[in-house]
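The structure displayed is predicted, hence computed values, not measured ones.
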Amino acid sequence: MNFRFDLIAEYAPFFLQGTLLTIGLSLAGILIGTVLGLFIGLGKIVQNKLIAFPFTLYITFFRGTPLLVQIFLVHFGLVPFLFGETNAILAGIVALSLNSAAYIAEIFRAGIQSIDRGQMEAARSLGMSNVQAMRHVILPQAFKRMIPPLGNEFIVLLKDSSLLAVITAPEIMYWGRAMAGQYYKVWEPYLTAAFIYLILTISLTFVLNRLERRLKTD
Amino acid sequence: MIKVENLKKSFGDNEVLKDINLSIEPQEVVVVIGPSGSGKSTLLRCINLLESITDGHILIEGTDITDKKNDINKMRQEVGMVFQHFNLFPHKTVIQNLMLAPTKVRKVSAEAARNKGIELLRKVGLEEKADAYPSSLSGGQKQRVAIARALAMEPKIMLFDEPTSALDPEVVGEVLEVMKQLAKEGMTMVVVTHEMGFAREVGDRVIFMDGGYIVEENEPKQLFESPQQERTKAFLSKVL
């Protein structure tokens, strides 16, 4: 087998662009997904079943259907419907955000519900409102417990962004496919893509581990 | 000060409180005893509305707290509660535990809350632990901090839900000592406990509960030495 490093070198600028876009797409997905996820997670734990229902439905849909299907629905359906024409990058951000929001909502819900009931009772018995107790007592403790599962979700999201290649968002995998198509090569483009993803996930894991250690109080 | 009228509380089909009538005067120390499952903790939690009430009324200083129009948060500021498992906030230091509710709820300045907090810690003998986290404290110390935290809101009534049940025997005394001191200062207190010595020594009145009813109530001396009801006699013969 003749492994062509020169072809990889030729495609390096494209892979660099792709990497930047992958990072951008993932960051946007994580940020929007976290904000949405917090609201959806809080919505799901509301006592009133009627209010909680739509949030439960949202989570069920986005966790129960493949991300690829959701990407197609957003790219060919939602985005053209809202803006008249589609845009792969916009559709990619929307699809990743909506999808990760469902998973992050469950992480928030689990984090909040893992806090001992006595904490809420103690806060309320001191005269704090439900919102005050959530903000000052429950959420700060829940956040700390949510960092490991949130970190996992971020890594999954980063890897899943490769699916956006099929709607021609020019991220890492898109350029891998382009290179494969141009030279009829398999190992060079796809191993390069895999290598870049690995670098990204290892870096992210490192950052998350440091964050987790820094937030430990005792 | 506290008036409980025809209070009923059910969890599903399980009726835990069947018909409770009770009146507590200012500065009175009422000790509630009884076998587990008798409803004594539930009664205490109802007085603070930590449990919703199935039927009946609870009046605190004339205000019906079961009336939805009345602000529960406001009412809870006047009623301090101490839990069996302390429920200190583990992400905050001892002094921050004491300052949180006064600054956020009563809108006291941080400085005033801190001064008050230090004063209370001195009172429970833990001034030097102000900047420690709860995880570094012993059970007895945690419970004393919990008492100080409740007092930081300057409540008119203090409720104690089995405050020494989760403690090692050798530290029970230090917590009871703080409670005794509080009683001496004239705090209105309702204490659910298995500490019969404390009930006898500190209580103005002892209430014996069983099966969701108040079976008997009397001054400690009478209740412990000449109980009138068979169930009271049977219970006391086992615990004394």
Side-chain angles (χ1 to χ4, degrees), chain A residues 34 37-38 41-42 45-52 104 107-151 208-218, chain B residues 41 44-45 47-52 71-93 96-108 132-137 142 145-161 166:
Chain A
T34 303
L38 176 60
L42 286 172
I45 55 172
V46 168
Q47 295 283 335
N48 188 327
K49 291 266 185 295
L50 217 62
I51 298 175
I104 291 172
I107 293 171
F108 274 111
R109 182 195 59 75
I112 290 166
Q113 289 182 339
S114 77
I115 303 298
D116 183 65
R117 220 166 61 113
Q119 291 290 309
M120 181 53 105
E121 291 183 350
R124 296 307 299 272
S125 80
L126 289 165
M128 294 167 87
S129 67
N130 199 7
V131 173
Q132 285 173 324
M134 265 291 169
R135 188 166 143 216
H136 300 295
V137 176
I138 307 296
L139 284 179
Q141 294 181 61
F143 271 123
K144 230 177 278 176
R145 292 191 194 179
M146 287 180 315
I147 289 170
L150 273 179
L208 288 165
N209 282 343
R210 296 231 2 198
L211 184 69
E212 203 178 320
R213 236 173 301 146
R214 263 189 47 187
L215 282 173
K216 255 189 198 139
T217 44
D218 42 1
Chain B
S41 279
L44 204 67
R45 292 164 59 80
I47 294 176
N48 210 354
L49 282 191
L50 286 179
E51 301 292 350
S52 63
D71 184 353
I72 310 172
N73 296 330
K74 198 102 200 143
M75 182 283 290
R76 286 202 182 110
Q77 295 172 30
E78 312 297 332
V79 184
M81 177 121 180
V82 175
F83 300 86
Q84 181 178 353
H85 295 289
F86 331 124
N87 297 344
L88 294 177
F89 306 136
H91 60 301
K92 296 197 173 290
T93 62
Q96 285 167 347
N97 263 273
L98 268 66
M99 289 167 63
L100 183 65
T103 50
K104 301 298 174 196
V105 180
R106 285 218 197 274
K107 311 287 180 201
V108 173
Y133 279 93
S135 58
S136 69
L137 303 180
K142 282 181 193 167
V145 171
I147 294 172
R149 179 178 67 178
L151 291 174
M153 287 298 283
E154 304 186 330
K156 297 184 177 126
I157 301 163
M158 285 283 282
L159 308 175
F160 294 84
D161 188 5

ask   = Do you know which two heavy atoms are closest between B:Phe89 and A:Ala122, and how far apart they sit?
value = CE2-CB, 4.1 Å
remark   = Under 4.5 Å to a heavy atom of chain A? For B:Leu88 that would be backbone
remark   = Looking only at heavy atoms, the pair that brings A:Gly127 and B:Gln77 closest together is CA-CG, 3.9 Å
remark   = Scored by heavy-atom pairs under 4.5 Å with chain A, the best of B:Val79, B:Ile72, B:Leu100 is B:Leu100
query = Which heavy-atom pair separates B:His91 from A:Lys144 by the least distance, and what is that distance?
reply = CB-NZ, 4.2 Å
inquiry  = Taking the side chain as everything from C-beta on, heavy atoms only, tell me whether B:Leu49 gets closer than 4.5 Å to A:Arg124.
reply    = no
task = Side-chain contact test, heavy atoms from C-beta onward, threshold under 4.5 Å: evaluate it for A:Leu126 versus B:Val105 and give yes or no.
result = no
inquiry  = Nearest 0.5 Å, please: how far is CD in B:Gln96 from NE2 in A:His136?
reply    = 12.5 Å
ask   = Would you say the side chain of A:Glu121 lies within less than 4.5 Å of the side chain of B:Arg45, judging by non-hydrogen atoms?
value = yes
query = Between CG of B:Asp71 and OG of A:Ser129, what distance do you get to the nearest 0.5 Å?
reply = 9.5 Å
message = Is B:Lys92 in contact with chain A via its backbone, its side chain, both, or neither, using a 4.5 Å heavy-atom distance?
response = side chain
ask   = Got a second to check how far A:Gln119's CD is from B:Asn87's CG, nearest 0.5 Å?
value = 6.0 Å
query = What part of A:Ala133 is in contact with chain B, defined as an atom under 4.5 angstrom from a non-hydrogen atom: side chain, backbone, both or neither?
reply = neither
